[in-house]
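Dropping the structure in here first, questions after.
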Amino acid sequence: MKRHESWPWQADLNGERQLADQYQRVTLSLQQRLRQQPGAFLFTAAHSQQGTTTAALAVARQLRQFGETKPLLVELNRRKPCLATRLNLSSDAGIPNFLAGVKLEDCVADSSGVAVLTAGSEWPDEIQIASIAEQIIKNGSGFGPILFDVPALLESADALAAGSVVPQTVVVVRYRQTSEESLSLMRKDCTNNGMEIVGSILTMREQVIPRWFERWMER
């Protein structure tokens, strides 16, 4: 059986309704919170290669489609950055320029209505993730909701550091790869560090019903 495509903005085109619905469900949940106050959200997983970056970008694009002011997606990942390559953006700008004093709006690139702040080149370890997150939120008033894509929570302290500033967390879970033990440890870490899990997304779920049959039933 085939698995879902990696990039969610193709979900509708490929008939992958379950995946597309999950992104929409989380997007609507975040919108409810945004009605109460401007917000920032953290996207993380228990382990790497779970689809966190994909989920964050997909939700950011849906927030824009649902009428939110231009969202800002921040790749707060200094060890395994990928957005510049995948979106064909310059790797010379991004967070390093912002840290050097360049205005935030001059450090971002546009991707289908979403402002993207890439990780750029690797940063020195002495730079505090929490401090970066605070500076971005402070200078991000010209954007809509801010979505932080951070490393896996069980593999890097950066996620917990960012969570001290951005407690609202969306957890990405990969079908048949994220164990119950990992999820339990993740929930414990979130609770102990004051992070609130506000949504979850299941990626790479297998299709039980063949896609050709679903399309046939919809005719």
Atom CD of residue position Q49 - does it have more than 12 heavy atoms of other residues, nucleotides or ligands inside 6.0 Å?
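No.
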pair I137-F148: side-chain heavy atoms closer than 4.5 Å:
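Answer yes - side chains close enough.
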Rounded to the nearest 0.5 Å, what separation is found between the OG1 atom of T54 and the CZ atom of R86?
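Reported to 0.5 Å precision, the distance equals 5.5 Å.
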Separation between OG1 of T44 and CG of L153, rounded to the nearest 0.5 Å
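Reported value, rounded in 0.5 Å steps: 5.0 Å.
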Considering all heavy atoms, the nearest G120-P96 contact:
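Closest approach of G120 to P96, heavy atoms only: CA-CD, 4.0 Å.
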Identify whether L73 and V172 are in the same connected component of the hydrophobic contact network (ILVMFWY, side-chain heavy atoms under 4.5 Å).
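No, because L73 and V172 fall into different hydrophobic clusters, even though each may have its own neighbours under 4.5 Å.
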Check side chain to side chain contact (heavy atoms under 4.5 Å, CB included) between D106 and all other residues, then give those that pass, not counting sequence neighbours.
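So D106 forms a side chain to side chain contact (heavy atoms under 4.5 Å, CB included) with V102, K103.
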Considering all heavy atoms, the nearest E75-A119 contact:
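So the two residues come closest at OE1-N, 2.9 Å.
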For a 4.5 angstrom cut-off between non-hydrogen side-chain atoms, does L72 reach L104?
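Heavy-atom side-chain distance check passes, below 4.5 Å.
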Got a donor-acceptor contact below 3.5 angstrom from the S29 side chain to the R25 backbone?
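Side chain of S29 to backbone of R25, a donor-acceptor pair under 3.5 Å: no, none is there.
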Taking every non-hydrogen atom, the tightest pair across T52 and F43:
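Smallest heavy-atom distance, with atoms named: CG2-O, 3.3 Å.
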Partners passing side chain to side chain contact (heavy atoms under 4.5 Å, CB included) against P167 (at least two apart in sequence or in another chain)
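Side chain to side chain contact (heavy atoms under 4.5 Å, CB included) check on P167 returns nothing, list empty.
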Any non-hydrogen side-chain atom of L30 less than 4.5 Å from a side-chain atom of P145?
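Counting from C-beta outward, L30 and P145 never come under 4.5 Å.
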Any side-chain heavy atom of I132 sitting closer than 4.5 Å to one from V74?
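Contact flag for I132/V74 side chains = no.
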Output side-chain donor-acceptor pairs under 3.5 Å for residues 155-165, partner residues at least two apart or in another chain, one line each.
from, atom 1, to, atom 2, distance (Å)
E155, OE1, S48, N, 3.4
E155, OE1, S48, OG, 3.3
E155, OE2, H47, ND1, 3.4
E155, OE2, S48, N, 3.2
S156, OG, D158, N, 3.1
D158, OD1, R78, NH2, 3.2
D158, OD2, R78, NE, 3.2
D158, OD2, R79, NH1, 2.9
S164, OG, A161, O, 2.5

For T27, side chain to side chain contact (heavy atoms under 4.5 Å, CB included) partners two or more places apart
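Scan of T27 (side chain to side chain contact (heavy atoms under 4.5 Å, CB included), adjacent residues dropped) gives V59, Q62, L63, F66.
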For I201 versus A55, what's the shortest heavy-atom pair and its separation?
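Scanning both residues, the minimum pair turns out to be CD1-CB, 3.8 Å.
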Same apolar cluster: F41 and L28, side chain cutoff 4.5 Å:
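In one cluster: no.
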Is there a path of hydrophobic side-chain contacts, each under 4.5 Å between heavy atoms, that joins L76 and V166?
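Same hydrophobic cluster.
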T118 side chain to I95 backbone, donor-acceptor under 3.5 Å:
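Flag not set: sc T118 to bb I95 has no pair under 3.5 Å.
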Considering all heavy atoms, the nearest E68-R64 contact:
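Closest approach of E68 to R64, heavy atoms only: O-NH1, 3.2 Å.
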Measuring from L147:CG to T53:OG1, what's the distance to the nearest 0.5 Å?
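The CG atom of L147 sits 11.5 Å away from the OG1 atom of T53.
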Scan the side chains in residues 108-117 for donor-acceptor partners under 3.5 Å anywhere in the protein, sequence neighbours excluded, and list what turns up.
from, atom 1, to, atom 2, distance (Å)
D110, OD1, K70, NZ, 2.7
S111, OG, R61, NH2, 2.6

List the atom pairs, donor and acceptor, that lie under 3.5 Å between side-chain atoms in residues 184-199 and the rest of the protein, sequence neighbours left out.
from, atom 1, to, atom 2, distance (Å)
T191, OG1, R187, O, 2.9
N192, ND2, K188, O, 3.3
N193, ND2, D189, O, 2.7
E196, OE2, R33, NH2, 3.0

